[in-house]
Amino acid sequence: MKTLPPGSTIGILGGGQLGRMLSVAASQLGYRCHIYAPDTNSVAAEISAEFTCAEDDDIASLTRFAESCDVITFEFENVPVDPLHQIQDCAPLHPPIAALDIAQNRVAEKVFARNHGGTTAPFAEVTDRAALDRAIAEIGAPAILKTIRMGYDGKGQSRIHPGDDLDEHWEAVAHQPCVAEGFITFDHEFSVILVRGQDGEIRFWDTPHNVHEDGILSVSTAPAPAEILQQQDDARALAAKMAEAMDYVGVLTCEFFATNEGPVFNEMAPRVHNSGHWTIEGAVTSQFENHIRAICGLPLGDTGLAAKKVEMHNLIGAQADEWQNLLSDGTNHLHLYGKGESRPGRKMGHVTKTYF
Ligand code: AMP
């Protein structure tokens, strides 16, 4: 295990709020961050030591960036994988490229979870309009059609009800390759958030109970209710097996539905995750700090709860305009990501409440 001393440079691919919070954690430990992102407006770059603004497939810029870094990570799972193979010799990359390969493809992700003993929704790959008919005949409705690549926060998805005109759903996903998933009846949603060090040590945070609205995370609460905790061991075992199989280093998040038949794996994020933002104030060591510790080869920090109960509320779109009201409660921990314009559905910040 190679330990990177403070003062070293951490490269972060992606320039959004996750990169911003990683950069805050890294700077607390004395590291410098170099952000690589295609947009000039990067909320991560504005608080980091260096910024390369270039396209993800600009090999010359990517190589210069990689040569300036001691380790490279990412805050966005849709970073194109092929260019990363070309910079592998410049600096270590954590988590591994294999994790990106799997997480970028909803079919590969489900197959990977099943191969490690997990349960997923019934699914079928849909590559053309005729395949959609076959998939719905096989799976039944209700179902959800999701683009295999690039979907997030409910984007690139279409919910199919019994008797629907499937042409409309095929239009809704712009004829892109999809996965059709059976609709899961679940009691709750939760995520397993773990960190794996370079020596293979795995630590889990308390399991958050996640409530989504319109496909976007709204609230995460820890500890979770008993119905989720009963399923925690099985879900953790699957997440740990998947992490080990990828020789993963860093924070890995797996999202689950809690059903009567046990945990159903939905998807994985090979990165710090919105459902773990509560760990900044609600855990002894945050997901951001432990990700930095893992990729830099430092000992992992304690993942235990730092309060009796913690609640994280996302501020979506205009909800962030309430910042003054939110600050009038002195117990609120307000995080604003510095994004200028509050568009509907855009994650602008979050508020964490800790109860002792
Ligand atoms: P995803 O983009 O896969 O995370 O989906 C966003 C949200 O849609 C999830 O958090 C669930 O609330 C809901 N959802 C996704 N897939 C299913 C499914 N197969 N059955 C029921 N609800 C789902």
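Values reported hereafter were calculated over all heavy atoms of this structure, with side chains retained and with hydrogens, waters and symmetry mates removed. Counting from 1, the numbers follow the sequence of the chain as shown.
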[X] and [Y]: side chain donor to acceptor below 3.5 Å:
{"X": "S218", "Y": "H313", "answer": "no"}
{"X": "H94", "Y": "Y248", "answer": "no"}
{"X": "H333", "Y": "T352", "answer": "no"}
{"X": "T285", "Y": "N290", "answer": "no"}
{"X": "D234", "Y": "Q231", "answer": "no"}
{"X": "E189", "Y": "H212", "answer": "yes"}
{"X": "Q198", "Y": "K2", "answer": "no"}
{"X": "Q319", "Y": "H350", "answer": "no"}
{"X": "R32", "Y": "T9", "answer": "yes"}

Atom [atom1] of [X]: over 12 foreign heavy atoms under 6.0 Å:
{"X": "Q88", "atom1": "CD", "answer": "yes"}
{"X": "Q28", "atom1": "CD", "answer": "no"}
{"X": "E213", "atom1": "CD", "answer": "no"}
{"X": "N41", "atom1": "CG", "answer": "no"}
{"X": "D89", "atom1": "CG", "answer": "no"}

Could you pull out the closest heavy-atom pair between [X] and [Y], with the gap in Å?
{"X": "I35", "Y": "G14", "value": "CG2-O, 3.5 Å"}
{"X": "R129", "Y": "D167", "value": "NE-OD1, 2.6 Å"}
{"X": "T331", "Y": "D329", "value": "OG1-OD1, 2.7 Å"}
{"X": "R271", "Y": "F74", "value": "CB-O, 4.3 Å"}
{"X": "N210", "Y": "S191", "value": "ND2-OG, 3.0 Å"}
{"X": "A306", "Y": "V284", "value": "CB-N, 4.1 Å"}

Decide whether [X] and [Y] are clustered together by the hydrophobic rule: side chain heavy atoms of Ile, Leu, Val, Met, Phe, Trp, Tyr closer than 4.5 Å, transitively.
{"X": "L336", "Y": "L326", "answer": "yes"}
{"X": "V249", "Y": "L84", "answer": "no"}
{"X": "V79", "Y": "I87", "answer": "yes"}
{"X": "M348", "Y": "V43", "answer": "no"}
{"X": "V310", "Y": "W205", "answer": "yes"}

Side chains of [X] and [Y]: closer than 4.5 Å at any heavy-atom pair?
{"X": "I292", "Y": "L29", "answer": "yes"}
{"X": "D56", "Y": "P83", "answer": "no"}
{"X": "D70", "Y": "I10", "answer": "no"}
{"X": "C33", "Y": "I12", "answer": "yes"}
{"X": "Q232", "Y": "F190", "answer": "no"}
{"X": "T63", "Y": "F65", "answer": "no"}
{"X": "T73", "Y": "P95", "answer": "yes"}
{"X": "P223", "Y": "L305", "answer": "yes"}

Are D247 and R196 close enough, and set up right, to give a salt bridge (charged side-chain N to carboxylate O under 4.0 Å, His left out), and what steps lead you there? CA-CA 9 Å; D247 200 13; R196 185 169 185 271; 3.1 Å; yes

Is there a side-chain contact (heavy atoms from CB on, under 4.5 Å) between E255 and H273? Walk through the geometry before answering. CA-CA 10 Å; E255 293 185 79; H273 193 256; 3.5 Å; yes

[X] (side chain) donor-acceptor with [Y] (main chain) under 3.5 angstrom:
{"X": "N105", "Y": "A108", "answer": "yes"}
{"X": "S23", "Y": "G19", "answer": "no"}
{"X": "Y36", "Y": "S61", "answer": "no"}
{"X": "D164", "Y": "H161", "answer": "yes"}
{"X": "E77", "Y": "Q104", "answer": "no"}
{"X": "T279", "Y": "Q287", "answer": "yes"}
{"X": "T303", "Y": "F204", "answer": "yes"}
{"X": "N314", "Y": "I316", "answer": "no"}

Going through the checks in order, is the ring pair (Phe, Tyr, Trp, His ring centres under 6.0 Å) test met by H34 and F51? CA-CA 5 Å; H34 185 163; F51 180 30; 8.3 Å; no

Rounded to the nearest 0.5 Å, what's the gap from [atom1] on [X] to [atom2] on [Y]? Could you check?
{"X": "F112", "Y": "K241", "atom1": "CZ", "atom2": "NZ", "answer": "11.0 Å"}
{"X": "C69", "Y": "L13", "atom1": "SG", "atom2": "CG", "answer": "8.0 Å"}
{"X": "L217", "Y": "S275", "atom1": "CG", "atom2": "OG", "answer": "6.5 Å"}
{"X": "D101", "Y": "E109", "atom1": "CG", "atom2": "CD", "answer": "12.0 Å"}
{"X": "H175", "Y": "T147", "atom1": "NE2", "atom2": "OG1", "answer": "14.0 Å"}
{"X": "W323", "Y": "N332", "atom1": "CH2", "atom2": "CG", "answer": "14.0 Å"}

Parallel, tilted or perpendicular: which fits the ring planes of H277 and F288, with parallel below 30° and perpendicular above 60°?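 Ring orientation, 0 to 90° scale: tilted.
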
Between H209 and H188, what is the ring plane arrangement, given parallel below 30°, perpendicular above 60°, and tilted in between?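 It falls in the perpendicular class, over 60°.
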
Residues two or more places apart in sequence or in another chain: which of them pass salt bridge (charged side-chain N to carboxylate O under 4.0 Å, His left out) with E181?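 By the salt bridge (charged side-chain N to carboxylate O under 4.0 Å, His left out) rule, E181 matches K110, K146.
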
Could you work out, with salt bridge (charged side-chain N to carboxylate O under 4.0 Å, His left out) as the rule, every residue matching E341, not counting sequence neighbours?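 E341 satisfies salt bridge (charged side-chain N to carboxylate O under 4.0 Å, His left out) with R343 only.
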
Lys NZ or Arg CZ of K308 over Y355 ring: under 6.0 Å, within 45°: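 Ring-cation test returns no.
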
Just do the side-chain hydrogen bond (donor to acceptor under 3.5 Å, both in side chains) check on T120 and R114 with the steps written out, would you? CA-CA 7 Å; T120 70; R114 284 189 176 181; 2.9 Å; yes

Under the salt bridge (charged side-chain N to carboxylate O under 4.0 Å, His left out) criterion, do R293 and E289 qualify, and how do the steps go? CA-CA 6 Å; R293 286 178 179 235; E289 179 173 337; 2.9 Å; yes

Check the pair I160 / I136 against side-chain contact (heavy atoms from CB on, under 4.5 Å), numbers first and verdict last. CA-CA 9 Å; I160 302 176; I136 298 305; 3.8 Å; yes

